[in-house]
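As structure tokens, the structure follows; a few thoughts come after it.
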Amino acid sequence: MRGPDRDGGPPSGPGTVPRTVPVERDDLGGDAVDVAPWLLHKVLVRGGRSGRIVEVEAYGGADDPASHAFGGPTARNAVMFGPAGHLYVYFTYGMHWCANVVCGPEGSAQAVLVRALTPLSGLEGMRTDRPPTFPDRDLCRGPARLCRALGITGADDGTDLLVPDGTVRLVDDGMPPPGRPASGPRIGISRAVDRPWRWWVTGDRHVSGRTGVV
DNA sequence: CTTTGGATCGTCT
DNA sequence: GACGATCCAAAGG
């Protein structure tokens with residue numbers, strides 16, 4: 001093989017190795033609306049598969065009617081009420097898994113939904129059980145598709161993303177977030193539709209939904 | 001490119 | 001019993 005397909009590591013090569021910066025838990029201790037755009041260009045890794053985050057949505061706690069945490073703790077959203085840096089995975093529409101990064105002060109139940117990735121490594125694994133004609137561009141385009149591509153399921157709910165040898169990890173390979181990310185209303189919700197809490201990398205083809213709004 | 005309708009079941013009321 | 005933080009295939013421009 002010729003690509004940088006090493007498990008979890010950043011793209012490697014003589015002279016071009018970006019320094020991998022560990023993500024600190026304090027980096028995720030702020031409110032979801034601040035952490036969400038900061039997460040753009042970070043890397044999500046599971047097993048030998050990884051992708052760069054290019055689209056996110058912020059979800060608040062008790063004060064956000066669109067959040068799963070609205071209305072208080074339940075068995076499903078329990079991880080949201082825990083410490084920042086853990087993965088909140090939920091099942092929806094009877095067939096899809098979606099993944100969030102828990103953030104904010106413990107107990108505030110805030111999270112950032114990861115909506116799209118640029119596939120970086122493990123592309124062959126992501127293509128398993130996909131039609132031969134399935135475009136690579138769509139592998140991680142959408143919150144449920146990226147979970148399917150990385151193999152994230154309810155078994156990963158509660159995973160600490162900041163443990164170096166963890167099953168699912170959040171990595172900073174040195175690429176800073178975009179200075180001027182595009183933003184707009186969150187997708188697929190029916191309440192609090194006016195809050196522009198979705199951010200994405202302007203012009204990136206791996207972003208889901210409409211990208212015309214600013 | 002866009003629109004439309006069906007799939008499918010855990011979760012909470 | 002209703003409703004999803006969605007996706008896919010099919011059909012039309």
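Sequence lines set the chain letters: A, B, ... in the order given, protein chains first and strands last, and positions in each chain run from 1.
- Within the nucleic acid shown, L113(A) comes within 4.0 Å of at least one base atom, counting heavy atoms only.
- Evaluation of the side chain to side chain donor-acceptor pair (under 3.5 Å) test over residues 190-199 of chain A, restricted to residues two or more places apart or in two chains, returns E55(A)-R198(A).
- Counting any heavy atom pair closer than 4.0 Å across all strands shown, R186(A) reaches no nucleic acid atom.
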Between side-chain atoms of residues 79-87 of chain A and protein atoms elsewhere (two or more places apart, or another chain), which donor-acceptor pairs fall under 3.5 Å?
residue	atom	partner	partner atom	Å
H86(A)	ND1	G158(A)	O	3.0

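- The stretch residues 128-160 of chain A has no heavy atom under 4.0 Å from DNA chain B, so no residue of it qualifies as close.
- Distance check: C103(A) SG to W38(A) CH2 gives 10.5 Å after rounding to the nearest 0.5 Å.
- Between the side chain of N77(A) and the backbone N or O of T74(A) there is at least one donor-acceptor pair closer than 3.5 Å.
- Here the CG atom belonging to L150(A) is positioned 5.5 Å from the CG atom belonging to L44(A), to the nearest 0.5 angstrom.
- Here D160(A) pairs with R25(A) under the side-chain hydrogen bond (donor to acceptor under 3.5 Å, both in side chains) rule; sequence neighbours left out.
- Expressed to the nearest 0.5 Å, how far CG of L146(A) lies from CG of L139(A) amounts to 10.5 Å.
- Non-hydrogen atoms lying under 4.0 Å from DNA chain B are contributed by nothing in residues 57-68 of chain A.
- Within the structure, side chain to side chain donor-acceptor pair (under 3.5 Å) pairs that include any residue of residues 87-98 of chain A comprise H68(A)-Y88(A) (at least two apart or interchain).
- Think of the region where chain A sits on DNA chain C: with heavy atoms and a 4.0 Å cut, that region ends 5' and 3' at dG4(C) to dC8(C).
- For the segment residues 90-97 of chain A, residues with any heavy atom less than 4.0 angstrom from an atom of DNA chain B are, sorted by number, F91(A), Y93(A), G94(A), M95(A).
- Looking at residues two or more places apart in sequence or on another chain, you find a side chain to side chain contact (heavy atoms under 4.5 Å, CB included) between R205(A) and R137(A).
- Salt bridge annotation for R46(A)-D156(A): present, with a cationic side-chain nitrogen under 4.0 angstrom from a carboxylate oxygen.
- Remark: R148(A) pairs with no residue by the salt bridge (charged side-chain N to carboxylate O under 4.0 Å, His left out) rule, at least two apart or across chains.
- Rounded to an integer number of Å, the gap from R76(A) CZ to dC9(B) P is 17 Å.
- A salt bridge links E57(A) to R115(A): one of the charged nitrogens lies within less than 4.0 Å of a carboxylate oxygen.
- For DNA chain C, runs of at least 3 consecutive pairs of the Watson-Crick or G-U wobble type, with both hydrogen-bonding distances under 3.5 angstrom, map to B:1-7 with C:6-12, B:9-12 with C:1-4.
- Legend: residues meeting side-chain hydrogen bond (donor to acceptor under 3.5 Å, both in side chains) with R145(A), ordered by chain and number and at least two apart, are absent.
- To the nearest 0.5 Å, the span separating OG on S208(A) from CZ on R141(A) amounts to 7.0 Å.
- The pair R130(A)-D138(A) does not meet the salt-bridge criterion, since no charged nitrogen lies less than 4.0 angstrom from a carboxylate oxygen.
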